[in-house]
Amino acid sequence: MPLSTNLHLRNVIILLKKWSKQEYTIAAFTIILFIFSLTFLNRSNQSHSNDSHINLIPFTPLANFKQLGALCLDGTAPGYHFQKGFGSGSRNWLLHLEGGGWCNSISSCSYRKTTALGSSNYMDTPVPFSGILSSVPSQNPDFFNWNKVKIRYCDGASFAGHPESEPKGSGLFFRGQIIWEAIMNELLSIGMSKAKQALLSGCSAGGLATLIHCDNFRQLLPKEATVKCLADAGFFLDEKDIAGNSTMKSFYHDVVQLQGVAKSLHKECLAKMEPSKCLFPSEILKNIKTPVFLVHPAYDFWQIHNILVPEGSDPHRRWKSCRLNIQSCDANMISILDSFRSSLLKAVNEFQQRKDIGMFIDSCFIHCQTWMGETWHSPRSPKINHKTIAESVADWFFDRQVVKLIDCPFPCNPTCHNMDFTRV
């Protein structure tokens, strides 16, 4: 691991000691996602290092970002990575919204702007496109030749913050909604306005952003185009933690209040309940009219770490080993995890009757799965009914069949990629 990486992680650990429990949740996510990315993405890239089709895609800063007011948390330029489509895919578009949690306070947002999740000054560029963004037919058989865009995440509120909420003198810019609109307009100007088929996807907080902006994405494109949305590990649950606290509900309340997110949420929901409740996918999905596909692990390690068993809920650290490796969980802990899985299945069951909503819910201890070749589509990918995630998404997108794949409980699926943080 590079020295700069070690220094970055050391600084994060120092800050963790100063932060509240809710702020710790976000910092922990940043570290976990960072390590997760190094472990899986690097492994995937190494396994294909001799493939001449693997390209590094440069970062494109948004044009006229200052005039548009489209700013990252620190005021730098938001942007994206774009690879032009070819052949039969030249008029098809696949967008992927990067994930990375949220910030819910001035202090956590202020720290965030010193990282790649709040400033383009720290973003890696160029980046490899793998998984759903791959241009290799064997790794991405149905979307390999489409126009592909990875949109970087630097606002801390799932592309849904509004400048009216910016605290004076903080040096913070809450411009997620403006970033979304500005990047969409730029992509429309370079060819997306003539799209025949389009898929908006996203991972984690980017998966939530996909759900928030799905119908708007549909409205931006030609009426005759086929337009759908894919949320990967973005179905966050409104569940109490093991101590009986509504940690996630409280956290979302702070995010919504701090960044003015309510203005980006469905009015139908806001008329019935308080705004933070409308940020949960189970409520968003009730109002979405565009077809949606959910890729989700029933044992989502991020949700286990931050919703079910956040640090403050386990003072005696009984869950320490289980949180790092699901194989280390005892029978009682597995029972609690299975109850959490049941809550997920109950939440998605409401949408089982909608043919336009597809699902691939495996029983893996993992988080995002579409953006890595190893879990998207490879000989070692997770499968349900002998289908990879890529094959299942394609069956749904091209209307080959209705896809509602729900795995049996852990540890029934031997194809799962289960994260083991004790080995990172």
Side-chain angles (χ1 to χ4, degrees), residues 22 25-26 29 97 99-104 153 155-162 176-177 180 200 202-216 229-242 244-290 292-310 313 339-352 354 357 359 361 367-368:
Q22 287 187 335
T25 297
I26 299 309
F29 173 83
L97 301 176
W102 312 266
C103 57
N104 69 322
Y153 180 37
D155 68 279
S158 287
F159 297 91
H162 289 260
Q177 180 67 37
W180 163 261
L200 175 66
C203 148
S204 191
L208 179 62
T210 295
L211 297 176
I212 292 172
H213 296 295
C214 182
D215 281 343
N216 175 249
C229 302
L230 162 62
D232 176 12
F235 201 90
F236 299 95
L237 296 177
D238 181 10
E239 289 289 309
K240 292 185 177 181
D241 62 31
I242 58 171
N245 300 314
S246 298
T247 298
M248 196 64 184
K249 181 184 292 184
S250 175
F251 179 75
Y252 267 1
H253 175 270
D254 292 346
V255 173
V256 169
Q257 292 298 313
L258 179 69
Q259 296 212 39
V261 172
K263 294 180 181 179
S264 294
L265 302 177
H266 285 99
K267 293 180 180 179
E268 295 87 347
C269 182
L270 295 172
K272 300 175 183 177
M273 56 192 71
E274 61 104 5
S276 60
K277 182 75 173 177
C278 298
L279 189 56
F280 283 98
S282 57
E283 297 299 332
I284 297 174
L285 207 53
K286 292 176 183 177
N287 294 294
I288 292 178
K289 298 177 175 61
T290 307
V292 172
F293 195 94
L294 302 175
V295 174
H296 204 85
Y299 302 87
D300 182 341
F301 79 72
W302 191 92
Q303 297 204 47
I304 291 171
H305 283 216
N306 297 284
I307 298 179
L308 182 62
V309 196
S313 70
S339 295
F340 194 68
R341 171 183 177 270
S342 296
S343 295
L344 169 67
L345 300 186
K346 181 179 179 181
V348 301
N349 184 61
E350 182 175 352
F351 311 106
Q352 287 281 6
R354 286 183 55 178
I357 295 181
M359 302 176 192
I361 300 176
H367 191 46
C368 297

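Source: prediction; values computed, not measured. Values below: every heavy atom of this structure, side chains too, minus hydrogens, waters and symmetry copies.
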Does the [X] side chain pair with the main chain of [Y], one donor and one acceptor, at a distance under 3.5 Å?
X	Y	answer
Asn245	Thr247	no
Ser313	Ile242	no
Asp215	Thr290	yes
Gln259	Asp155	yes

Rounded distance (nearest 0.5 Å) linking atom [atom1] of [X] with atom [atom2] of [Y]:
X	Y	atom1	atom2	result
Leu308	Met248	CG	CE	12.5 Å
Ile304	Phe340	CD1	CZ	7.0 Å
Asp241	Lys249	CG	NZ	12.0 Å
Leu294	Leu285	CG	CG	6.0 Å
Cys269	Lys286	SG	NZ	7.5 Å
Cys229	Ile212	SG	CD1	12.0 Å

I'd like to check [X] versus [Y] (side-chain heavy atoms, cut-off strictly below 4.5 Å). Are they in contact?
X	Y	result
Leu208	Trp102	yes
His305	His367	no
Phe235	Ile361	no
Glu350	Ser282	no

### Query
Mind checking whether Phe280 and Tyr252 have parallel, tilted or perpendicular rings, split at 30° and 60°?
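Ring orientation, 0 to 90° scale: tilted.
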Which atom of [X] lies closest to which atom of [Y], heavy atoms considered:
X	Y	value
Glu239	Ile307	O-CG2, 3.7 Å
Val348	Met359	O-CE, 3.4 Å
Glu283	Cys278	CB-CA, 4.3 Å
His213	Ser158	NE2-O, 3.9 Å
Pro281	Leu211	CB-CD1, 3.7 Å
Ala157	Val255	CB-CG1, 4.4 Å

### Query
Looking at Val256, Leu265, Asp254, which hits side chain to side chain contact (heavy atoms under 4.5 Å, CB included) with Ser276?
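Checked Val256, Leu265, Asp254 against Ser276; only one passes side chain to side chain contact (heavy atoms under 4.5 Å, CB included): Val256.
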### Query
Is the ring centre of Tyr153 less than 6.0 Å from the ring centre of Phe159?
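Centroid distance Tyr153-Phe159: below 6.0 Å, so yes.
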### Task
Output, in order, the C-alpha distance, side-chain angles, deciding distance and verdict of side chain to side chain contact (heavy atoms under 4.5 Å, CB included) for Phe251 and Asn306.
CA-CA 10 Å; Phe251 179 75; Asn306 297 284; over 6 Å; no
### More than 12 heavy atoms of other groups within 6.0 Å of Lys277 NZ
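More than 12 within 6.0 Å, yes.
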#### Entry: Chi angles and distances behind the side chain to side chain contact (heavy atoms under 4.5 Å, CB included) call for Asn104, His253
CA-CA 8 Å; Asn104 69 322; His253 175 270; over 6 Å; no
